[in-house]
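Only heavy atoms go into these numbers, but all of them, side chains included; no hydrogens, no water, no symmetry mates.
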Amino acid sequence: MASVSVFRGFVHGRCAPIFTHQSQLPVTSIIIGSKKFAYRSNGLRLYARYSESQSARTPDYFTSRLQDSVENLPKLVEDIVQTSINTGPRGAIRLAQGIQAVIGVGGEWLTELSQSRNTPSEIPSQLQLGLLSPLYLRKLFERLGATYIKLGQFIASAPTLFPQEYVQEFQYCFDRAPAVPFDEIKSILREELAVPIDSIYEYVDPTPLASASIAQVHAARLKGSQADVVIKVLKPGIEDVLVADLNFIYVVARIVEFLNPDLGRASLVAIVNDIRASMLEEVDFKKEAANIEAFRGYLETMGLTRQATAPKVYPEFSTKRVLTMERLYGVPLTDLDSISSIVPNPETSLITALNVWFGSLLACETFHADVHAGNLWVLRDGRIGYLDFGIVGRISPKTWNAMEVFLGSIATEEYEAMASALIEMGATNTDVDSRAFAKDLEKIFTSIQDLDTEVVVATATRTDTNATAVSANLVVDERQMNALFLDVVRVSESYGLRFPREFALLMKQLLYFDRYTRLLAPNMNMLQDQRITIASNRRTSSRNIY
């Protein structure tokens with residue numbers, strides 16, 4: 001008889017449920033040998049360790065492990081108790097809702113599994129993995145509501161932390177969320193602003209301009225000044241749900257890491273804390289207001305207010321749950337026809353947008369980390385408008401220095417320098433063959449030029465003049481962009497590298513800008529054009545003052 005430890009999870013310690021189980025099994029039920037073996041199945045690895053030759057060391061190993069567990073137990077209990085107190089009764093409510101969600105998605109899985117068993121073909125891998133598969137886990141997150149949808153968006157935006165199949169599947173979490181009835185929005189406004197709504201706003205449009213998983217945006221006009229504004233309102237009950245869910249996820253991570261200390265080296269709890277901190281920041285509109293004001297301060301200090309802007313915040317009409325901002329009018333950076341009607345040269349607008357954003361990396365504490373077309377506009381007066389500062393990134397000096405070299409090497413196609421920069425940026429405990437790494441990177445970046453950019457062209461003929469108007473619009477494929485970045489991450493991980501989340505955020509914004517370049521300035525090389533300022537020898541001394 002032999003003792004077997006079975007670990008089931010994803011490589012590199014990425015977030016995946018991990019189960020540890022010990023049992024007495026006949027030796028004939030496993031492969032006998034002095035080394036561990038690995039078996040890959042549907043993206044999972046199953047590890048079995050068996051070695052009679054190490055039996056003499058087993059008591060010392062388990063004695064040490066037990067001693068560590070005893071020492072860490074009081075802190076674990078303290079964390080669980082304190083987290084439970086912070087969560088309160090809402091935890092029980094969310095638990096019941098969670099059970100309902102699991103039953104619902106589990107029922108779907110069982111139905112599809114039953115149907116597949118009636119066919120002669122092999123059972124699909126999605127069904128084999130059950131609720132842990134990317135498809136059913138995404139469905140479960142959607143049923144669980146806002147917190148888990150935001151968690152899904154985090155997974156979709158963090159290919160450095162999660163497996164490719166999950167990153168791609170959770171792209172669907174970016175879809176539009178259902179709107180909250182306007183009566184509930186008015187109730188929140190009255191509660192937060194503590195005065196009648198009509199004493200502040202001349203009117204509020206009951207039809208939302210946008211509805212996301214956490215917040216809803218309505219157009220309005222201020223009383224007195226008659227200024228057009230937008231009101232961003234946190235959806236009702238989101239805070240309670242968010243706190244309960246994030247506390248539950250934290251407790252689970254603490255327990256799993258306690259039961260399997262090896263996961264401490266993979267920073268499971270640190271990853272959960274990162275998720276929790278970023279999500280709690282996004283629902284605190286006071287922090288978003290501070291991000292906007294910091295960016296506006298950067299524009300003013302650098303003399304860029306005639307080139308770009310961000311919405312003015314009305315702090316007297318804003319709280320943690322309500323954000324009243326200036327309404328900007330313009331068109332997305334992908335609407336070529338409309339941009340051409342506003343400015344004489346769309347390429348110039350793109351260069352301005354790039355320089356302003358790159359400059360903020362150097363001068364601001366945070367940078368705009370979601371510059372998709374809905375958040376980056378050409379305004380009616382020709383300026384670039386940066387919208388929605390709910391998602392921001394913070395870049396460390398080490399990452400920025402490596403990023404400068406990385407971007408410069410892309411422009412000059414010096415792949416050995418690129419490999420060296422990524423090795424400097426990534427965390428690894430092994431020696432990396434930089435030359436082999438450089439060759440693999442060259443294959444990836446050569447393929448970038450072969451990617452198709454889908455441009456949708458629409459025509460319309462006026463009946464009075466028979467003139468034909470042509471409108472071109474760039475279709476930015478989120479999944480294609482992530483697939484490209486995943487190639488870089490996957491090759492890097494094969495060399496033992498793991499990157500900070502800030503690298504993923506930076507790369508994603510660069511891919512957005514690459515798509516805008518293909519539409520607005522197809523003959524321009526974003527990383528080589530002398531009109532675009534990317535690199536700096538060091539961060540400016542004025543950073544962090546805004």
Note to self: Between Arg321 and Glu191 (salt bridge meaning N to carboxylate O under 4.0 Å), is one present in this structure?
What the structure shows: yes

Note to self: Strictly distance-based, threshold 3.5 Å: is any side-chain N or O of Tyr512 a donor or acceptor partner for the main-chain N or O of His372?
What the structure shows: no

Check: Does some side-chain heavy atom of Tyr201 sit less than 4.5 Å from a side-chain heavy atom of Lys223?
Finding: no

Check: By ring-ring contact (aromatic ring centres under 6.0 Å, His included), which residues pair with Phe141, not counting sequence neighbours?
Finding: Tyr148, Phe170

Item checked: Polar side-chain atom of Trp377 near backbone of Tyr329 as donor-acceptor pair, under 3.5 Å -> no

Next item on the list: Measure the spacing between CD1 of Ile339 and CG of Leu333 and express it to the nearest 0.5 Å.
Entry: 5.0 Å

Notebook entry, point to check: Going by atom types alone, do Thr305 and Glu300 pair a side-chain donor with an acceptor below 3.5 Å?
Noted result: no

Checklist line | Positive for side-chain contact (heavy atoms from CB on, under 4.5 Å) with Leu520, one of Ile351, Val378, Leu350 | finding: Leu350

Note to self: Please check this pair: side chain of Lys235 against backbone of Ala212, looking for a donor-acceptor N/O pair closer than 3.5 Å.
What the structure shows: yes

Margin query: Taking CZ in Arg190 as the centre, count heavy atoms belonging to other residues, nucleotides or ligands within less than 6.0 Å. Is the count above 12?
Written below: yes

Item checked: Test side-chain contact (heavy atoms from CB on, under 4.5 Å) applied to Arg327 and Ile231, Val217, Asp228, the passing residue -> Asp228

Notebook entry, point to check: Mind checking whether Tyr314 and Phe317 have parallel, tilted or perpendicular rings, split at 30° and 60°?
Noted result: parallel

Margin query: Using modelled atom types and a 3.5 Å cut-off, is there a donor and acceptor pairing between side-chain atoms of Thr301 and backbone atoms of Gly297?
Written below: yes

Next item on the list: Establish, from distance only, whether the side-chain atoms of Ser318 and Lys232 form a donor-acceptor pair under 3.5 Å.
Entry: no

Item checked: Check ion pair Arg383-Asp381 (N to O, under 4.0 angstrom) -> yes

Checklist line | Residues that Asp183 engages under salt bridge (charged side-chain N to carboxylate O under 4.0 Å, His left out), provided they are two or more places apart | finding: Lys186

Item checked: Residue list, ring-ring contact (aromatic ring centres under 6.0 Å, His included) with Tyr386, at least two apart or on another chain -> Phe295

Check: Regarding Glu112 and Tyr136, is there a side-chain donor-to-acceptor distance under 3.5 Å anywhere?
Finding: yes

Margin query: Rounded to the nearest 0.5 Å, what separates atom OG in Ser349 from atom OH in Tyr516?
Written below: 13.5 Å

Next item on the list: Consider only side-chain N and O atoms of Ser341 and Ser338, and report whether a donor and an acceptor are under 3.5 Å apart.
Entry: no

Check: When you check the gap from the basic side-chain N to the acidic O, do Glu108 and Arg143 get nearer than 4.0 Å?
Finding: yes

Check: Could you give the distance from CZ (Phe358) to CZ (Phe513), rounded to the nearest 0.5 Å?
Finding: 7.0 Å

Margin query: Using the rule given for salt bridge (charged side-chain N to carboxylate O under 4.0 Å, His left out), can you reason through Lys320 versus Glu192, listing the C-alpha separation, both sets of side-chain angles and the distance that settles it, and then say yes or no?
Written below: CA-CA 8 Å; Lys320 184 178 178 181; Glu192 288 295 305; over 6 Å; no

Note to self: Keeping Glu326 on the side-chain end and Lys312 on the backbone end, is there a donor-acceptor pair under 3.5 Å?
What the structure shows: yes

Margin query: Return the CG to CD distance between Leu193 and Glu316, rounded to the nearest 0.5 Å.
Written below: 10.5 Å

